[in-house]
Structures are given as structure tokens and as C-alpha cells.
Amino acid sequence: MNEPLNAKKTALSPEHESAWSNYVEDFRRAGHDTVDWIAQYLNTVAGLPVLAKVKPGELQDSLPASAPEQGESYAAILNDFERLVMPAVTQWNHPRFFAYFGCTGSTPAVLGEMLAAALNTNGLHWRTSPAVAELEQRTLDWLRQWVGLPEGWFGIVYDTASTSSMHAVAAAREMVAPEARTSGNPPGLVLYTSEQAHSSIEKGAIAIGIGQKNVRKVPVDSEFRMWPEALATMIEQDLAASRRPFCVVATVGTTSTTSIDPVPHIADIAEKHGLWLHVDAAYAGAAAIVPEYRHILAGADRAHSLVINAHKWLLTPIDLSAFYTRRPDILRRAFSLVPEYLHPQVDPRAHDLMDYGVPLGHRFRALKLWYVMRYFGREKIEAMLRAHIQWARQLATLVDADRRFELVAPVPFSVVCFRFKGTDEQNKAILGQVNASERFFLAHTVLNGKVILRLAIGNLATTWEDVQEAWILIQRGAQAFE
Ligand SMILES: *Cc1c(COP(=O)(O)O)cnc(C)c1O
């Protein structure tokens, strides 16, 4: 029944034709079944435990140690997926997933992913798939307009913000120390970011050989924002010691508390010293779609590059990171290895995406974002973002009103950081109890040496009731310590 393709038959033989059409028909049936499975999953995911309960090695041990010699039916595969794999899945697409950053694999994006996989088209340069290059340019330009970045910025899709920021750091080095491309890093290059920056910034610096000891962690103020006066002083000290500052990374929406670095002030300093300014807005950049939150990207127009993850708060399943730069010429200088005379295109509108980064192959990722932006439209996305921010505010008000708890950071977006006014162990116990309920997943962070509870809203299906119930459970957990 489930007859795999017979490679011995020639492509033109009638037997081949019928094997091929069986193969496609098999897909058609299983595809419908799979879409039905997904629809059923989306209707019932809210009732599943958020956190996978398996022990390390459990899934691996339940799977055969070697791959099948003979092909199997789709039904058998889907059955094992449900029976064995699903219990080991932590449900990021769950409305009560409040850990890290809440996110959504939305249905239009699922369909976009499916089409991208079916085409398997690779946009390494323009000619290898004009659709990949041009739909990506158009879609990222739409997003650029939504968040209010300047006209003319170049956008490219990478897998993650970590990759995006590594490319920013490499472009920064190309601008300040172009000799590094042929001779390796000159001594003394220094990068600046805040104590609250995401680890990917330091990782990017490690990856391109800057060295951890040349990453300056600028102190933050009481609201976890980079302290620009300290940045200026650190740069002066490095210059006095004949080092070469080359890059500043500001964060709009830090990972722990979603604090916003003072980008305009940081831009002044970066401009004064001729440094590349990269803005990491991986999570919070999406909020700029909401008109009254446009201001969060103030000063970003003066940056050299900026990253926003569509796979965080923009309804797109992992992975899709939108990287923007106003200096694509420098990014290209850093990464292009194709001599000009070998360039297949001379048309300035034909972008060869392989010239703008480490990967050669370029997935048709933009297709899923294009689906998302068209299916929901700006207004629906704006409404979701606004609601999430509002619920975070409401939760902050509830926390503030309970004398047993304290807010530990402002709530500019959809993340609330708070703690039970007790010991770290008590806070961990409360968190453990909430997560053990299986109905929620919250993570903790550490601020000023203390364990902090952190609730992040970001899923399309989340309601205010979900947030309220989490709070009730947290309060109940605190009762044990009264
Ligand atoms: C999540 C996050 C990152 C890392 O994102 P990935 O896409 O997982 O690499 C980087 N910076 C900030 C501010 C983030 O919130």
C-alpha cells in the first residue's frame, strides 16, 4: 500500500509515473490528516500540561536505536509522534506558557512553513530564487514601516537574534577595523553593552575573536537601563589606554526585565567616537507596531543595525529574526567572498543574500511572516500587543496591592518581574508549586542577587483570566510562608 519510490525504474517509465502519483496521493491524504491533527491540537492545547514531564533520556530510550530499513506509513509515524514525542514536548504554543518570552506559532505561519518546505527553494543568490530575495525584501520593508524605522534600511532574515547580533558585531568590526578581514583581529578592539544585555552579544564577540575580556559590561541604573555616563567613561579609559572601541550594543527590552536603554543618549556617544551602534530589540521591537509605543525605538534611526525577532511576539514560529541595517554595504564588505567580476547580477535590486552573512543557503523564511502580516493585518496584531501590555500592567497592579509581594522592575511591556518578600528558597518553592500544577510554566530570573518571579505574556490565545489564575496560584503558594 505504502509503496516507496523505486529508484531502479527510469524517470519516464509508466511504472515510475504511477509510483510517483502514489507517493503524492499518500502525501495528500496524510497532509489532510496532519492538518486535522494540528487543528485538534490547537483546540485542546490549553488542557495539556505546559511543561514536559519526561526524565532525561526517556524519549530517546523509547525510540528504536536504528532507523528503519523499510519505509513506514504516515499513520504509524503520526501515531508514534502522538504517543512518544508529544509527552516530551514543552508546549510553547500554550496560552499559559509564561516563561522566557510568550510566543505563538500562528496558523497562517504554519501554512507558510509548509509551502516553503514544499518548494524547497534556496535563495542563496537572486537568480537561484528571485522569490526568496524579493518577498523577503518586501516583507521586511512592511515590518520596517510598521515599527517606524527609517526608509531605505536594508533587511535580511537570519535564524535567530543571536545570529543577527553576531553579524552586527562583525559589521561593526568591518567598519572600524577593515584590516581584520584579511589579517585577523588587530589588538585592542573593545565592545560595549550593558550588564543586562543578552548573552548573545558576548557570544557574538567570542565567535568573531574579540575575546570576552574585551566586552565591557556597562553598569545599569536602578531600573536596569544602561548608564550612559558610565559608557562614556569606559570608552575614554579604553582610548587613553590605546585600545580601539568599535561597537556599542543597546537593548530595547532586556531579557530579564524588558528595560529600555537610553538609545538617543547612547547614540550621541557612539557618534562622537565613530562606533557602530547595534540595537537589540529582539523581543520588544514588535511593540513599536502599537502607535503609542512607537517611542520605544526613539534614537534607533541613528543606529547602524537593529534586530527584531518575529518568533517572539510576532506570531511567527521559530525561527525568524529580522535584521536591519542602514549600512548593508559594510555588512556585505564583511561577508562577501565573490569577486565583483563573478557577480551574476549587476542590477542593484537583485540581492544575493549569501553576500550578507555566514550562511550560503537561504531558507524561504519570509514566506511565513508574509502570511502572518497579511492574514492578521496590522490592526489585529496591534490589538494583541496592546492587550498583552495592558494585562501585564493589571497584574503589576495586583502584585503591588498585595503586601506580601513586591514589584522589582517597571513594566514597560508584557513581562512582570516580582517577588515574594521572603527568601530565595521561598520564591523558588512558590515557582515550583505553580509549575508542578502543570497548568502554567513560569521561569525565574536573578536581579541584584535575588531570585525573582517573572511572568511573560505573549501567546495569541492567552486571556486575562489565564493571567489572573496564575496570580491566584502564586498567592496560594505564598500562604505556606505566612
Ligand atoms: C531572546 C533574546 C535574544 C536571543 O534570541 P534568539 O533568537 O533565541 O537568539 C537576544 N536578545 C534579546 C534582548 C532577547 O530577548
Side-chain angles (χ1 to χ4, degrees), residues 90 92 97-105 109 140 143 147 155-170 191-208 215 217-218 220 224-226 247-263 266 277-288 296-297 300 303 305-324 357-359 363 365-366 368-369 385 388-389 392 409 411-417 443-445 447 454-459:
T90 289
W92 285 67
F97 183 99
F98 293 139
Y100 317 117
F101 286 110
C103 56
T104 311
L140 289 196
L143 181 60
V147 300
I156 184 167
V157 172
Y158 296 124
D159 51 5
T160 58
S162 303
T163 298
S164 291
S165 292
M166 187 202 73
H167 283 86
V169 176
L191 177 145
Y192 306 80
T193 195
S194 95
E195 285 171 347
Q196 289 290 315
H198 190 266
S199 57
S200 58
I201 307 307
E202 188 169 350
K203 241 192 220 187
I206 294 169
I208 70 157
V215 175
K217 306 271 180 68
V218 182
V220 294
F224 308 100
R225 300 169 298 199
M226 188 193 286
C247 183
V248 184
V249 180
T251 313
V252 172
T254 56
T255 309
S256 265
T257 68
T258 73
S259 61
I260 306 168
D261 286 342
V263 179
I266 295 168
L277 174 59
H278 174 57
V279 174
D280 180 358
Y283 150 74
I296 62 158
L297 291 183
S305 58
L306 177 141
V307 58
I308 300 175
N309 273 355
H311 68 236
K312 275 190 173 145
W313 207 3
L314 263 183
L315 299 156
T316 306
I318 191 162
D319 47 10
L320 195 157
S321 182
F323 178 76
Y324 291 97
V358 172
R363 224 158 86 65
R365 283 198 188 85
K368 59 185 169 181
L369 180 57
L385 294 164
H388 289 170
I389 295 169
V411 182
F413 301 109
S414 68
V415 174
V416 186
C417 291
H444 76 275
T445 185
L447 290 168
R454 188 177 168 288
L455 191 148
I457 305 167
N459 185 272

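Both backbone and side-chain heavy atoms feed into the values below; hydrogens, waters and symmetry mates do not. All values derive from a computational prediction rather than experimental measurement. Just so you know, ligand 1 is whichever comes first in the structure, and atom 1 is the first atom listed for that ligand.
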Query - H167/Y158 aromatic ring centres below 6.0 Å - result: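 Yes, close enough.
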Report task. Tell me whether the centres of the aromatic rings in F101 and W313 are closer together than 6.0 Å. Result ->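 No, the ring centres sit 6.0 Å or more apart.
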Report task. Among all protein heavy atoms, pick out the one at the shortest distance from atom 9 (O) of ligand 1; state its residue, atom name and that distance to 0.1 Å. Result ->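 Result for atom 9 (O) of ligand 1: S162 OG, 2.5 Å.
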Query raised in the report: What protein heavy atom sits nearest atom 14 (C) of ligand 1, and how far away is it?
Result: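 Residue, atom and distance for the closest contact: K312 NZ, 2.8 Å.
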Nitrogen or oxygen of [X] less than 3.5 angstrom from that of ligand 1:
X    : value
D280 : yes
T251 : no
H311 : yes

**Report entry** Heavy-atom closest pair, residues A287 and I389
**Finding:** CB-CD1, 4.4 Å
Query raised in the report: Given I201 and M166, is the side chain to side chain contact (heavy atoms under 4.5 Å, CB included) satisfied, shown in steps?
Result: CA-CA 7 Å; I201 307 307; M166 187 202 73; over 6 Å; no
Show which atoms of ligand 1 fall inside a sub-4.0 Å distance from at least one heavy-atom site of [X].
X    : answer
S200 : 10 (C)
N309 : 5 (O), 6 (P), 7 (O)
T255 : 12 (C), 13 (C), 14 (C), 15 (O)

Requested in this report: For ligand 1, indicate whether the residue F101 contacts it via side chain, backbone, both or neither (heavy-atom separation under 4.0 Å).
Outcome: side chain
Report summary line: Candidates A161, G253, A197, C103; heavy atom nearest atom 5 (O) of ligand 1 found on A161
Report task. Evaluate the side chain to side chain donor-acceptor pair (under 3.5 Å) criterion for residues T160 and T163: first the C-alpha distance (whole Å), next the side-chain angles of each, then the deciding distance (0.1 Å), finally the verdict. Result -> CA-CA 5 Å; T160 58; T163 298; 3.3 Å; yes
Requested in this report: Could you check Y283 against T254 for side chain to side chain donor-acceptor pair (under 3.5 Å), going step by step and ending with a plain yes or no?
Outcome: CA-CA 8 Å; Y283 150 74; T254 56; over 6 Å; no
Requested in this report: Run the numbers on S165 and S200 for side chain to side chain donor-acceptor pair (under 3.5 Å), then give the verdict.
Outcome: CA-CA 7 Å; S165 292; S200 58; 4.7 Å; no
